[in-house]
Undergrad: 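Can you keep this structure in mind? I'll have questions shortly.
Proteins get letters first, then strands, A, B, ... in listed order; numbering begins at 1 in each.
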Number of protein chains: 2
Amino acid sequence: MARIVAERADIVPKLGEIFREHGFEGASLALIGQKTGLGKSSLYHFFPGGKEEMAAAVLADIDAWFEANVYRPLREADDPRRAIADMRRSVVDYFRSGRRVCLVGAFALDNVRDRFALEIRNYFVAWTQALGASLERAGHDRQIAHQRAEEAVANIQGALVLSRALGDPSVFERALARIEAQLLA
Amino acid sequence: MARIVAERADIVPKLGEIFREHGFEGASLALIGQKTGLGKSSLYHFFPGGKEEMAAAVLADIDAWFEANVYRPLREADDPRRAIADMRRSVVDYFRSGRRVCLVGAFALDNVRDRFALEIRNYFVAWTQALGASLERAGHDRQIAHQRAEEAVANIQGALVLSRALGDPSVFERALARIEAQLLA
DNA sequence: GTCTATATGGAGATAGAC
DNA sequence: GTCTATCTCCATATAGAC
């Protein structure tokens with residue numbers, strides 16, 4: 001099972017952290033090599049497409065994580081209100097109370113936005129639709145459910161921006177408490 | 001008055017647009033030279049500190065604009081509720097219904113965040129305090145006013161992220177209508 | 001799969017003439 | 001204040017041995 005040699009699957013999460021901390025352009029191959037402990041040759045062995053392929057792999061990894069841990073629970077849970085409360089916990093945890101940046105949100109504001117426009121779009125569409133489905137099953141009108149979901153997803157991003165700008169994780173936690181309350185109201 | 005030769009004051013707004021569109025690292029000196037019509041020498045004549053000084057000048061310019069057009073009206077207007085409605089209009093206009101990125105928010109998520117940590121922080125603190133002052137004068141408890149202001153400022157950033165990610169300005173406009181309604185409620 | 005060495009381009013920045 | 005020419009450095013990416 002566990003091998004000494006590197007595998008793509010081991011590297012991708014590390015790449016994610018590096019991109020989160022330094023951004024796409026700020027994550028030089030030298031830095032990536034340093035942080036992953038891999039030489040450039042190894043990196044190109046795993047990702048022949050270079051940095052762009054690395055970022056794409058990270059985005060796919062993020063998508064898979066949210067699909068399994070956020071979207072699907074929202075869509076399929078027996079109790080939609082409980083699923084929303086679970087979402088809050090997952091999200092606060094995932095973003096480390098706002099200390100961790102949302103890579104997709106950061107990409108959306110960044111120079112790379114055009115290169116990953118589809119992935120960025122899909123992330124937010126999927127989240128909004130899954131949350132909308134939960135709200136609908138919780139008894140809301142379809143239109144209202146979608147509106148509220150969109151609002152919540154946007155507000156989470158806003159909380160990430162502000163809490164990072166102020167260097168204050170409590171901003172994020174308070175915001176997520178409010179967002180959950182609004183969703184459950 | 002109006003001279004042919006370039007002045008710092010003429011260049012800074014252009015720099016702002018370039019940084020908004022391409023990010024700090026994506027705005028190469030070659031690109032800046034191209035878009036401003038100035039050679040590198042001229043740019044270094046105006047900004048001996050290079051790109052960092054350019055970005056600092058842009059942030060100072062943004063701060064001055066918000067101070068004059070947003071913060072001061074919020075603090076000093078006779079009718080605080082009217083000031084909040086004016087803020088919404090100013091903000092929708094300024095961000096071109098979400099088509100224009102908030103440079104400060106983008107910097108907050110970017111690699112350059114540490115270099116401009118103070119300016120980024122001040123932007124959001126000033127906005128939150130000015131809006132909080134308006135809400136207080138509108139009759140809210142000090143604590144509540146601050147909370148609501150922080151929430152609104154964060155939500156505006158979230159609206160910018162989402163509307164850009166979806167490529168849909170209507171997301172931004174709807175969000176700002178909601179935000180205004182929540183502030184005036 | 002990982003190493004060392006290297007190609008090549010573009011980045012930020014500067015010098016000095018005009 | 002703006003030009004042309006140039007410096008230096010580091011970026012991404014590749015080649016080929018092991």
Side-chain angles (χ1 to χ4, degrees), chain A residues 1-59 61 103 106-107 110-116, chain B residues 1-59 61 103 106-107 110-116:
Chain A
M1 300 291 173
R3 285 185 279 158
I4 306 290
V5 284
E7 290 189 52
R8 248 183 85 119
D10 302 327
I11 306 168
V12 172
K14 292 184 186 177
L15 290 176
E17 290 312 313
I18 300 168
F19 285 131
R20 265 183 270 269
E21 280 177 41
H22 301 274
F24 183 79
E25 326 226 28
S28 70
L29 286 181
L31 182 71
I32 293 172
Q34 196 180 308
K35 298 255 182 193
T36 58
L38 293 175
K40 295 186 193 185
S41 307
S42 301
L43 290 169
Y44 276 96
H45 172 73
F46 290 119
F47 306 94
K51 268 175 74 173
E52 179 141 355
E53 187 175 342
M54 296 181 207
V58 169
L59 290 174
D61 192 47
L103 187 63
F107 275 14
D110 193 84
N111 198 22
V112 296
R113 75 178 89 99
D114 296 327
R115 257 191 277 191
F116 300 109
Chain B
M1 300 293 168
R3 286 185 279 159
I4 307 292
V5 285
E7 289 189 52
R8 247 182 87 119
D10 301 326
I11 307 168
V12 172
K14 291 184 186 175
L15 290 176
E17 289 314 311
I18 299 167
F19 285 130
R20 265 182 270 269
E21 279 177 44
H22 302 274
F24 183 78
E25 327 225 26
S28 71
L29 286 182
L31 182 70
I32 293 172
Q34 198 180 308
K35 297 256 182 191
T36 58
L38 293 173
K40 293 187 193 183
S41 307
S42 300
L43 290 168
Y44 276 96
H45 172 72
F46 291 117
F47 306 95
K51 266 174 76 171
E52 179 141 355
E53 189 176 338
M54 295 180 207
V58 169
L59 290 174
D61 192 48
L103 187 64
F107 274 14
D110 192 85
N111 197 23
V112 296
R113 73 179 91 101
D114 297 327
R115 258 190 276 190
F116 300 108

Undergrad: Please identify each residue that fulfils side-chain contact (heavy atoms from CB on, under 4.5 Å) with Y44(B), with sequence neighbours left out.
TA: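 side-chain contact (heavy atoms from CB on, under 4.5 Å) check on Y44(B) returns L29(B).
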Undergrad: Of the nucleotides dT12(D), dT2(C), dG1(D), which one has an atom closest to the side chain of F46(B)?
TA: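 Of dT12(D), dT2(C), dG1(D), dG1(D) is nearest to the side chain of F46(B).
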Undergrad: Whole Å only: how far is the CG atom of L43(B) from the P atom of dT2(D)?
TA: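 The answer, rounded to whole Å, is 9 Å.
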Undergrad: Under the salt bridge (charged side-chain N to carboxylate O under 4.0 Å, His left out) rule, collect the residues that match up with E17(B), sequence neighbours excluded.
TA: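 For E17(B) the salt bridge (charged side-chain N to carboxylate O under 4.0 Å, His left out) partners, ignoring immediate neighbours, are R20(B), R100(B).
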Undergrad: Roughly, in whole Å, what's the span from CD in E52(B) to P in dA13(C)?
TA: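 Rounded to whole Å, this separation is 9 Å.
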Undergrad: Is there a residue in residues 14-23 of chain B whose heavy atoms reach under 4.0 Å of DNA chain C, and which residues are they?
TA: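 Of all residues in residues 14-23 of chain B, none places a heavy atom under 4.0 Å from DNA chain C.
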Undergrad: With a 4.5 Å heavy-atom cut-off, do F47(A) and R8(A) have their side chains touching?
TA: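 Answer yes - side chains close enough.
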Undergrad: dT2(C) P sits how many Å from R8(A) CZ, rounded?
TA: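 Whole-Å distance recorded here is 14 Å.
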Undergrad: Can you name the closest pair of heavy atoms from T36(A) and L43(A) and give their distance?
TA: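 Nearest pair, atom of T36(A) first, then L43(A): OG1-CD2, 4.2 Å.
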Undergrad: Roughly how many Å is it from NE2 in H45(A) to C1' in dT12(D), rounded to a whole number?
TA: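 One finds 19 Å between C1' of dT12(D) and NE2 of H45(A), rounded.
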Undergrad: Please, which pairs that meet ring-ring contact (aromatic ring centres under 6.0 Å, His included) have at least one residue in residues 17-37 of chain A, sequence neighbours excluded?
TA: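 As it turns out, the ring-ring contact (aromatic ring centres under 6.0 Å, His included) pairs with a partner in residues 17-37 of chain A, which skip direct neighbours, are F19(A)-F24(A).
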Undergrad: Restricting to side chain to side chain donor-acceptor pair (under 3.5 Å), what partner residues turn up for E21(A), sequence neighbours left out?
TA: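 Result, side chain to side chain donor-acceptor pair (under 3.5 Å) vs E21(A): none returned.
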Undergrad: List for me each residue that meets side chain to side chain donor-acceptor pair (under 3.5 Å) alongside N111(A), sequence neighbours excluded, and say none if there are none.
TA: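 With neighbours one apart ignored, the set is E25(A).
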Undergrad: Mind running a 4.0 Å heavy-atom check of residues 27-39 of chain A against DNA chain D and sending the residues that fall below it, in number order?
TA: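 Those residues whose heavy atoms fall under 4.0 Å from DNA chain D, taken from residues 27-39 of chain A in numerical order, are A27(A), S28(A), L29(A).
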Undergrad: May I have the distance from F47(A) (atom CZ) to dG1(C) (atom C1'), rounded to whole angstrom?
TA: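 Distance check: F47(A) CZ to dG1(C) C1' gives 14 Å.
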Undergrad: Partners of S28(A) by side-chain contact (heavy atoms from CB on, under 4.5 Å), sequence neighbours excluded?
TA: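 Checked S28(A) against side-chain contact (heavy atoms from CB on, under 4.5 Å); matches are A30(A), L31(A).
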Undergrad: The criterion is side-chain contact (heavy atoms from CB on, under 4.5 Å); which residues satisfy it with E52(B), sequence neighbours excluded?
TA: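 R115(B), F116(B).
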Undergrad: Once you round it to whole Å, what is the distance between C1' of dA11(D) and CD of E25(A)?
TA: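 Going from E25(A) (CD) to dA11(D) (C1'), I get 11 Å.
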Undergrad: Please report, rounded to the nearest Å, how far the P atom of dG1(C) is from the CD1 atom of I11(A).
TA: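 It works out to 10 Å between those atoms.
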Undergrad: To the nearest Å, give me how far apart OH (Y44(A)) and C1' (dT14(D)) are.
TA: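 Computing the Y44(A):OH to dT14(D):C1' distance gives 9 Å.
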Undergrad: Below 3.5 Å between N/O atoms, which protein atoms pair up with nucleotides 15-18 of chain C? Just atom names and distances, please.
TA:
from    : atom 1 : to     : atom 2 : distance (Å)
dA15(C) : N6     : S41(B) : OG     : 3.1

Undergrad: Treating K51(A) as the side-chain partner and A27(A) as the backbone partner, does any N or O pair qualify as donor plus acceptor under 3.5 Å?
TA: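 Such a contact is found between K51(A) side chain and A27(A) backbone.
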Undergrad: Pick base, sugar-phosphate or nothing for K40(B), based on heavy-atom distances below 4.0 Å to the nucleic acid.
TA: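 Result for K40(B) = base.
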Undergrad: I'd like to check the side-chain contact (heavy atoms from CB on, under 4.5 Å) partners of A106(B); sequence neighbours left out, ordered by chain and number.
TA: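 A106(B) satisfies side-chain contact (heavy atoms from CB on, under 4.5 Å) with L109(A), V101(B) once adjacent residues are dropped.
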